[in-house]
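Let me begin by presenting the structure, written as structure tokens, before commenting on it.
Atoms within a ligand are numbered from 1 in the order they appear, just like the ligands themselves. This is a predicted model, so every value here is computed, not measured.
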Amino acid sequence: MSFHSQVMTNFVVVHESIDKTILSIVGLLLVSLMFWIALDLLGITSPAHIKGLPLVPSYPILGSLPLVKRNSFLKYCEWASKYGEVFQMRLGTKIVIVANSFQSIQELWVKNGRANNSRPQSYSFHELLSQSKVYTVGTTPFSETYLRKKKFLSYSLNKKSIDQRSDVIDIETSNTIFPLFEQSLETGTNDFEVLRISQYFTLRTALIFTYGYFMDTRLEGRKLADEIIDVENAITGVRAHTSNWQDYLPILRWLSPRRSKEVSELRERRSRYLQKFYEYTRQKLVDVSIHERAAVQDCLVARVLGSNKGGPASNNLDLDEITSVCLTMLSAGLDNTGFNFAYCIGQLSHDKNIQITGLQQIKKCYGDNLQMAWNNCAYDMKCDYIKAIVKETLRQYTVLPVSLPRETTKDISYRGTIIPAGTTMFMNSWAGNHDPKVFKRTHEFIPERFLNEDLQLLESCEGLTHFSFGAGTRMCTGSYLAFREMYTLLCKFIIAFEITLPEDPEMVMERDPVKLNRSPEAIAFEPRPFKVGLRIRDQNLVLKLLDQYTSEKRFLNRRFTVAQKFESEKTPEQKALDTRIQKKWDAYLHFS
Ligand code: HEM
């Protein structure tokens, strides 16, 4: 046999043996899969169902996962009309209950609030993203640490605390609108994208409340602001309820290393800016200059670190808990408030009448001098019509169409069925907010549905009127802040501009939140890019406001002038504190 044919023969033999090995592995996998399916169909590996609640269609092993990957809330609405307003579904190894009507949500979330008060842990979010076990307050399961963080945050975000810091909202809403004036006056531009603008606003406000950090998103702060918005936005993808299959099928965790890498990169990027801000505040607090300390003394971190005595339990928080609270402040409203506000302005660009009534009602509350209205709206929230527009935006848009998931900590008795402790529950807030039994012409944008004939808020509308902030014991802690931010920004937009459709028909906002959504697999509705026309109503008013703004800005710059303190000037106590906190951060962050 020639050398060549010898090599060929060996090659064929080796090849055949590899083929056989592959075939045997594939065969083994197939047999195992069949065996697994058989066990599953016999109910041996499938999770136990809850007796007495309708169970929706599902596949072996996967359950309903393939059916609810995109726009799950619409599938739930479809199933609710077939099987009943509350049903159970199987997601991989879990059973989940879904509530789909105004009444059933009230019953399961409000009436049974004490039993329905924890959060389930998910692999993607709690293990991959938050390896250091620092997650937001809203995703922390019910526990001692949750109660400590919640108590501190509730105190910081209650009506009284926010009322005391209305000046921040006042200034930052002006900081949002004045650049639009300037751009409009200088370049004659009318068409603007409001989404990023409102995200910058929410971020700046959160940074001041949390760290006493003033960010100029027009200039040097923009790059960092974009980084934060992008990271937080990518993280909402990781938090999606039903599109991360590895959360429900542990076997898939072995098969998705790429996802793990992406998630750990997000975690590191997030850690970097959290540390930067925390360091900023800490440095300012030990500064000898009164001005430097004054700039940060009212913020949350200052309260925790003890320079400001106000607030309960603040000294009991450890570093992980402080980080969790700060993270919550930064991330919880960023997309939610920004997306809602952008949607609201997009709606108004379609509806001139709402703007005309809005302006009339603002004048009715504050008099014809609109400068007065501009200067006061952040402090007194007097105009019910504007409140109704904000409420209708929250209801109609329902930025989290399926609210944050819950886990029961006690048994719940629901219409003859026992829902055991440890069950995961989804609130279909989209369905609750569009329940035709409660909201007539439910898919239309009608602020008047919350008002009486005199355009005053209906008494029944002072309380829980929609589920966009959730409901019950774990309802959104930042709802008052978010509402006030949206109210003030909206008042000022209506005072300043006539809001029209943009010149480019391609950029007109789609009014249906479902069609407008660019990421049907994510936890939140995220509007596709759109523009609105913003035409200045009254140039004289704008000039007066700009004048006032320039002097306010000068005042602010004086108050918060940044001056770096030299290490050599620090007292030994200040240095010791620095080292102690730095050590903790190093241990926590493991920076590359
Ligand atoms: C329009 C803006 C916002 C919307 C639509 C929104 C919506 C929600 C929803 C649906 C929940 C889950 C509630 C539940 O399980 O019943 C939640 C929880 C929470 N939100 Fe918001 N949120 C907004 C803004 C904010 C802001 C600005 C903050 C703080 C700065 C905040 C802080 C929280 C916290 C701490 C929780 C967790 C509450 C807990 O688990 O005890 N939210 N939010």
Lys/Arg-Asp/Glu bridge criterion (N-O < 4.0 Å) met for [X], [Y]:
| X | Y | result |
| --- | --- | --- |
| E232 | R270 | yes |
| D163 | R484 | yes |
| R449 | E392 | yes |
| E321 | K149 | no |

Check for me whether [X] has a heavy atom closer than 4.0 Å to any atom of ligand 1.
| X | value |
| --- | --- |
| M427 | no |
| A471 | yes |
| Y146 | yes |

Using a strict 4.0 Å cut-off to heavy atoms of [X], name the atoms of ligand 1 that fall inside it.
| X | answer |
| --- | --- |
| T328 | 35 (C) |
| L153 | 35 (C) |
| L400 | 7 (C), 9 (C), 10 (C) |

key: L404, L334, T473: member with heavy atom nearest to atom 12 (C) of ligand 1   =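 Answer by nearest heavy atom: L404.
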
ask   = Heavy-atom distance under 4.5 Å between the side chains of I197 and F341, does that happen here?
value = no

message = If you define the side chain from C-beta out and look only at heavy atoms, does anything of I418 sit under 4.5 Å from I412?
response = no

Nearest to [atom], what protein heavy atom do you find, and at what distance?
| atom | result |
| --- | --- |
| atom 7 (C) of ligand 1 | S468 O, 3.4 Å |
| atom 1 (C) of ligand 1 | N340 ND2, 3.6 Å |
| atom 14 (C) of ligand 1 | R474 O, 3.0 Å |
| atom 16 (O) of ligand 1 | R406 NH2, 2.7 Å |
| atom 15 (O) of ligand 1 | R119 NH1, 2.8 Å |
| atom 30 (C) of ligand 1 | M329 SD, 3.7 Å |

query = Between F73 and F525, does the ring centre distance come in under 6.0 Å?
reply =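 That pair passes the under 6.0 Å test.
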
query = Using the benzene-type ring in the case of Trp, are the ring centres of W374 and F178 under 6.0 Å apart?
reply =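 Between F178 and W374, which both carry aromatic rings, the centre distance is below 6.0 Å.
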
request  = Give the ring-plane orientation class for H443 versus H434, where under 30° counts as parallel, over 60° as perpendicular and anything between as tilted.
outcome  =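 It falls in the parallel class, under 30°.
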
query = So which protein N/O/S atoms does atom 21 (Fe) of ligand 1 have within less than 2.8 Å?
reply = C476 SG

Within the side chain of [X], is there an N or O that forms a donor-acceptor pair under 3.5 Å with the backbone of [Y]?
| X | Y | result |
| --- | --- | --- |
| N433 | F467 | yes |
| D170 | S166 | no |
| R222 | T217 | yes |

query = Under 3.5 Å between some N or O of ligand 1 and some N or O of K150?
reply = yes

